[in-house]
Number of protein chains: 2
Amino acid sequence: MTLLDHPDAKAFILHWGEMGTHWGVNRSVAQVHALLYLSEKPVDAEAIVEALGLARSNVSTALKELQTYAIVRRVHVEGDRRDHFVAEGDLWEMLMRIVAERKRREIDPTIALLAELADRLRSDDTAPAHLRDRVVRMHEFLSTLGGWYEQVRTLPKSTLVTLMKLGSKVARFLPGSKAKD
Amino acid sequence: MTLLDHPDAKAFILHWGEMGTHWGVNRSVAQVHALLYLSEKPVDAEAIVEALGLARSNVSTALKELQTYAIVRRVHVEGDRRDHFVAEGDLWEMLMRIVAERKRREIDPTIALLAELADRLRSDDTAPAHLRDRVVRMHEFLSTLGGWYEQVRTLPKSTLVTLMKLGSKVARFLPGSKAKD
DNA sequence: CAGATAATTCTGTAAATTCAGAAATTGATA
DNA sequence: TATCAATTTCTGAATTTACAGAATTATCTG
């Protein structure tokens with residue numbers, strides 16, 4: 001593969017793989033994603049195998065995982081019966097989808113558990129007050145954060161980008177703020 | 001330890017430990033943190049060992065790690081020469097510190113690498129245009145995100161809480177928005 | 001300063017994760 | 001419906017990571 005011959009492409013892919021391992025995604029998954037992200041055209045599984053030196057099976061698993069994150073999709077290339085794959089090119093979109101999936105997998109179940117614990121502790125006289133307080137607080141915190149996320153994700157991307165470009169200047173527009181920096 | 005006898009405390013700690021493994025922190029570190037978070041009083045290392053059934057060495061390592069995140073600190077308890085530890089109780093503060101540390105450890109080096117790659121690709125005629133474009137875009141994206149974070153973290157916590165409670169309603173206050181929901 | 005206790009670092013082992021190859025399945029074509 | 005390519009699933013091996021215990025270093029007390 002010609003793309004992979006480029007040392008900077010290789011550096012990107014290797015680094016991306018390491019990043020993955022620090023963020024709860026396995027190295028192969030992250031590398032496959034990096035390769036697809038850099039690639040101009042849809043790539044088939046066999047080409048990924050050759051480019052990254054992974055086993056066919058791993059590539060298959062990685063592609064499946066990336067598709068559940070919805071940051072890679074299967075496309076059909078005319079005159080070729082093999083499946084080809086492309087990565088989401090819009091980075092903002094990519095980030096949103098990863099966040100959505102991780103929330104679904106990990107945060108939501110955590111909130112559910114905390115709700116249960118908090119609920120039980122509230123009606124348990126024998127429970128140490130401090131324990132109750134801490135669990136309730138954590139539940140409230142994550143729920144608030146989750147609720148905020150659910151709201152913000154409904155905003156159009158353009159609004160989000162505007163907000164981000166504003167940076168700390170958002171504060172200016174809040175009601176009750178004397179407009180200064 | 002009396003706190004740990006409570007089944008809900010145990011459930012919290014175990015779940016927190018699993019969460020850790022999905023977010024790039026090892027189980028012991030997350031469990032020690034959970035225990036300290038739930039505990040009313042400062043806890044010494046030996047007590048943690050007994051409560052969680054970990055080796056003394058692991059507890060030592062975990063405490064060190066939590067201190068580099070600055071979400072646990074050492075406190076002195078009168079009349080006891082052993083070190084005792086307490087977790088940050090303000091959850092918002094806790095989150096900010098974790099984010100800060102992970103950015104420092106993982107995001108900043110990534111941005112630095114991308115800057116280097118993007119720079120080299122810009123002055124490399126032989127590089128595929130698409131590769132250059134993708135790397136440059138990723139660099140810009142992460143830089144923007146990083147810059148946004150650096151700005152937002154300077155805002156007072158109260159402002160941040162206000163912003164969060166506002167949720168999607170922030171959009172209303174942006175210049176050029178016809179105030180509706 | 002000697003003895004004791006606490007804390008950290010080092011090292012071998014256990015556990016968990018990742019991954020390659022084999023086997024099984026799917027699905028397209030003739 | 002038989003065949004062949006493509007893809008996925010399963011399983012054992014290899015690598016990596018987490019951890020317990022031993023050894024070392026630091027700190028406190030009398």
Side-chain angles (χ1 to χ4, degrees), chain A residues 13-36 42-69 72-86 102 105-106, chain B residues 13-36 42-69 72-86 102 105-106:
Chain A
I13 292 168
L14 291 179
H15 185 89
W16 211 242
E18 292 315 305
M19 282 286 282
T21 66
H22 289 117
W23 290 92
V25 181
N26 88 42
R27 184 179 285 110
S28 308
V29 171
Q31 283 190 358
V32 169
H33 176 253
L35 172 61
L36 293 176
V43 186
D44 66 87
E46 199 52 48
I48 298 174
V49 167
E50 282 160 26
L52 301 179
L54 299 173
R56 185 55 238 271
S57 52
N58 287 335
V59 172
S60 179
T61 306
L63 287 168
K64 195 177 164 190
E65 174 77 348
L66 290 166
Q67 282 173 292
T68 76
Y69 274 101
V72 159
R73 68 174 201 283
R74 232 176 45 190
V75 296
H76 182 69
V77 169
E78 277 199 88
D80 193 334
R81 44 198 273 224
R82 288 172 303 183
D83 290 338
H84 288 63
F85 300 88
V86 288
R102 298 211 64 162
R105 291 190 192 180
E106 290 138 21
Chain B
I13 291 168
L14 292 179
H15 185 89
W16 211 243
E18 292 315 306
M19 282 286 283
T21 65
H22 288 118
W23 291 91
V25 182
N26 87 44
R27 184 179 286 109
S28 309
V29 172
Q31 284 190 359
V32 169
H33 176 253
L35 172 61
L36 293 176
V43 186
D44 67 87
E46 200 52 51
I48 299 174
V49 168
E50 282 159 28
L52 301 179
L54 299 173
R56 183 58 238 270
S57 52
N58 286 334
V59 171
S60 178
T61 307
L63 287 168
K64 196 175 163 191
E65 173 77 351
L66 289 166
Q67 282 172 292
T68 76
Y69 274 101
V72 159
R73 69 175 199 281
R74 234 175 45 187
V75 297
H76 181 69
V77 169
E78 277 200 88
D80 193 334
R81 42 196 278 217
R82 290 171 300 182
D83 291 338
H84 288 64
F85 300 88
V86 288
R102 299 212 62 164
R105 290 189 193 182
E106 291 138 19

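Numbered from 1 within each chain, the chains take letters A, B, ... in sequence-line order.
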Using a cut-off of 4.0 Å on non-hydrogen atoms, how would the nucleic acid contact of B:Gly53 be classed: base, sugar-phosphate, or nothing? sugar-phosphate
Notebook entry, point to check: Between C:dT8 and B:Ser60, is there an OP1 or OP2 to side-chain N/O distance shorter than 4.0 Å?
Noted result: yes
Lys/Arg cation over aromatic A:Trp23: B:Arg102, 6.0 Å, 45° cone: yes
(Q) What contact category does B:Thr21 fall into here, base, sugar-phosphate, or nothing, at under 4.0 angstrom with non-hydrogen atoms? (A) nothing
For A:Ala62 and A:Val32, the nearest pair of non-hydrogen atoms, with its separation, is CB-CG2, 3.9 Å
### Message
Taking only side-chain N and O atoms of A:Arg27, does any of them lie within less than 4.0 angstrom of OP1 or OP2 on C:dT18?
### Response
no
Taken to the nearest whole Å, CZ/A:Arg56 to P/C:dA24 is 18 Å
Is the shortest side-chain heavy-atom distance between A:Val77 and A:Asp44 below 4.5 Å? no
For A:Ile13 and A:Gln31, the nearest pair of non-hydrogen atoms, with its separation, is O-CG, 3.7 Å
Separation of C:dC19 atom P from A:Glu65 atom CD, nearest Å, is 12 Å
Ranking C:dT5, C:dA7, C:dG21 by distance to the side chain of B:Arg81, first place goes to C:dT5
note: B:Asp44, atom CG; C:dT8, atom C1'; distance rounded to Å ~ 16 Å
Are A:Arg82 and A:Glu46 within salt-bridge range, i.e. N to O under 4.0 Å? no
To the nearest angstrom, the CD1-P distance between B:Ile48 and C:dA7 comes to 10 Å
With the side chain defined as heavy atoms from C-beta on, A:Asn58 is closest, among C:dA7, C:dC19, C:dC10, to C:dC19
Nt span of DNA chain D in reach of chain A heavy atoms at under 4.0 Å, 5' end first, is D:dA5 to D:dT9
Whichever of A:Asp83 and B:Asn26 has the more 5' nearest nucleotide on DNA chain D, that residue is A:Asp83
If each end axis of the helix from C:dC1-D:dG30 to C:dA30-D:dT1 is fitted on five C1' pair positions, the angle between them, to 10 degrees, is 30°
Q. Is a side-chain donor-acceptor pair under 3.5 Å present for B:Thr68 with B:Arg105?
A. yes
Looking only at heavy atoms, the pair that brings B:Phe85 and B:Leu63 closest together is CE1-CD1, 3.4 Å
Nearest heavy-atom approach of B:Gly17 to B:Ala30 is CA-CB, 3.8 Å
To the nearest angstrom, the CZ-C1' distance between B:Arg74 and C:dA7 comes to 10 Å
Taken to the nearest whole Å, CG/B:Leu63 to C1'/C:dT9 is 15 Å
Heavy-atom nearest pair, A:Gln67 first then A:Val72, reads CG-O, 3.3 Å
Rounded to whole Å, the NZ-C1' distance (A:Lys64 to C:dT26) equals 14 Å
